[in-house]
Structure formats: structure tokens, C-alpha cells
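Notes follow the structure.
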Amino acid sequence: MLHTINKSPFENNTFTTCVRFLQPGDPVLFIEDGVYAVQAGNRFGALIQSVLKKNNPVYALKPDLDARGISAIAEGVKTVDYAGFVDLVEEHQVSSWL
Amino acid sequence: MSEEQDIKKIMHVMRRAPHGSIYTYEGLEMILIMAAYEQDLSVAFIGDGIYALKKDQDTAGIGIKGFSKTFMALDGYDVEKLYVDRQSLEERGLTEDDLVVDVEVMDASEIGRLMNEQDVVIHH
């Protein structure tokens with residue numbers, strides 16, 4: 001199941017909550033203000049690494065990163081464009097953590 | 001297509017406290033509508049979503065009708081799969097006895113596993 005997160009982790013616990021419910025292999029995709037989670041050097045770096053270590057792929061939507069001026073992102077996080085977003089949605093059921 | 005195949009497994013995830021926004025109430029309405037179409041429904045209560053089930057809510061003073069009693073009626077619509085995240089419950093100093101309905105208290109990994117079995121997961 002693909003988990004999408006669209007809220008900044010600094011104002012909302014959606015990301016940390018979502019992590020507790022992740023199943024092995026479930027991808028996580030950050031969109032909108034959610035992408036602040038993957039900025040390199042922030043306090044969510046360790047949590048992101050722990051997710052990656054459990055073989056859960058982590059993605060961030062490139063246009064949303066660009067719009068927010070985020071170019072340095074946490075190691076192991078992949079970026080996707082809108083077409084990549086569609087591919088992920090096509091491959092998985094979606095849990096949209098609004 | 002037979003009727004059997006039209007039945008989808010749908011999980012509603014309640015994540016917000018009941019009176020600070022309209023999410024929980026709208027979610028409950030959606031559940032009741034879907035129940036009318038006889039779908040395979042379950043409801044998971046995570047985080048502040050648990051507060052929707054808190055006993056003794058008296059909303060007279062804030063001028064709204066309140067809907068905790070509607071959760072008690074879900075049983076009558078054959079919505080019987082109510083799951084509560086154990087950590088969310090414990091963090092809030094609550095136990096099953098504080099809730100208006102019978103629920104299954106589960107670990108996050110177990111609820112996560114059930115989420116993956118669904119055709120649709122809707123967060124409120």
C-alpha cells in the first residue's frame with residue numbers, strides 16, 4: 001500500500017503516526033507540505049533512515065520540492081515527477097494520510 | 001458481475017478529535033451512507049480520532065448536537081469492525097472502558113496489516 005503524506009512534519013504528527021502502521025515494503029510518498037520531511041539535515045532524518053532500513057521506499061514529489069526551494073534531500077529518498085506519482089498510484093492501493 | 005463482486009473492503013480511519021473540525025462528523029456520515037450500500041466496512045480509530053468514542057460527551061454547552069451516540073448505532077448498520085490503536089489509547093490515559101462502544105484494541109502493526117487488505121482506505 002502506498003502511503004501519501006501532505007502535511008509538514010513540524011506542525012503535524014501525520015508522518016510519525018504513519019510510520020507506526022507501515023507494512024514491510026510499503027512505499028511512502030511526500031507531497032505538498034509533506035516534502036519538508038525530506039530536507040537534508042532536519043530532525044526527521046533519523047526517522048526517514050529507519051523507514052528506508054526496513055525496506056520501505058521513500059519518495060518526494062519533485063515539483064513540490066522545487067516550489068519550496070528544497071534541493072538537498074535526505075540520503076536514499078527518491079524524487080518523482082507527476083508521471084512517477086501516477087506510476088506509484090497505478091502499482092499500489094493508496095492510503096492518503098490527510 | 002454478481003452482487004458479491006460489488007462488495008468492497010473499505011476502511012475508514014478516524015484521526016481527529018470530534019468537535020474541533022468537521023472531519024469526524026463527515027466521516028461518520030460517509031460510513032452510514034456506505035453501510036446503506038452493504039459494503040464490507042471497518043473503522044480504525046487512531047490518534048485523536050479515539051476521542052470521538054469517549055464516554056460522557058455533553059455538547060449542550062457548545063451549542064452542537066454531538067454524535068457520539070451515532071457511533072453506538074453503527075452496530076445496527078452492520079458496521080461491527082471497530083479497531084482502536086493501543087498506543088493512541090494508552091497515550092491519552094484511556095482504556096476500553098472509557099469508550100461508548102465495544103472495540104478491538106490492536107497494535108499498529110496489526111491495524112496496518114488490515115489496511116493492506118482493503119480495496120479502499122479513507123482517512124478523516
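Every chain is numbered from 1, with letters handed out A, B, ... down the list of sequences. Computed from a predicted model, the values in this text were never measured in an experiment.
- Atom CZ of B:R15 and atom CG of A:N13 lie 7.5 Å apart (nearest 0.5 Å).
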Considering only distance and modelled atom types, tabulate donor-acceptor pairs under 3.5 Å from the side chains of residues 70-93 of chain A, sequence neighbours left out.
residue	atom	partner	partner atom	Å
A:D81	OD1	A:A83	N	3.3
A:D81	OD1	A:G84	N	2.8

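- Highest contact tally toward chain A, considering only B:D107, B:N116, B:D119, is held by B:N116 [criterion: heavy-atom pairs under 4.5 Å].
- For a heavy-atom cut-off of 4.5 Å, chain A lies close to B:D85, B:Q87, B:S88 in residues 76-91 of chain B.
- Hydrophobic clustering places B:M14 together with B:M34 (ILVMFWY residues linked when any side-chain heavy atoms are closer than 4.5 Å, directly or through intermediates).
- Within 6.0 Å of NZ in B:K54 there are more than 12 heavy atoms belonging to other residues, nucleotides or ligands.
- Atom CG of A:L98 and atom NE2 of B:H124 lie 9.5 Å apart (nearest 0.5 Å).
- Under a hydrophobic clustering in which Ile, Leu, Val, Met, Phe, Trp and Tyr are joined whenever their side-chain heavy atoms come within less than 4.5 Å, directly or via other members, B:V43 and B:I10 fall into the same cluster.
- When heavy atoms are compared at a cutoff of 4.5 Å, B:I122 does not approach chain A at all.
- Here the NE2-OG distance, from B:H123 to A:S95, works out to 2.5 Å after rounding to the nearest 0.5 Å.
- Of residues 18-41 of chain A, those residues with a non-hydrogen atom less than 4.5 Å from any non-hydrogen atom of chain B are, in numerical order, A:R20, A:F21, A:Q23, A:D26.
- Taking a 6.0 Å sphere around CZ of B:F67, one finds it holds more than 12 heavy atoms contributed by other residues, nucleotides or ligands.
- If you chain together hydrophobic residues whose side chains sit under 4.5 Å apart, B:V120 and B:I111 never meet in one group.
- Side-chain atoms of B:V121 and A:V94, non-hydrogen and from C-beta on, never get closer than 4.5 Å to each other.
- Cluster annotation: B:I50 is not connected to B:L114 through the hydrophobic network of ILVMFWY side chains, with a link wherever side-chain heavy atoms come within less than 4.5 Å.
- Hydrophobic clustering (side-chain heavy atoms under 4.5 Å, transitive across Ile, Leu, Val, Met, Phe, Trp, Tyr) keeps B:M11 apart from A:L2.
- Residues of residues 4-12 of chain A never come closer than 4.5 Å to chain B when only heavy atoms are counted.
- With a 4.5 Å cut-off on non-hydrogen atoms, A:S96 touches chain B through its backbone but not through its side chain.
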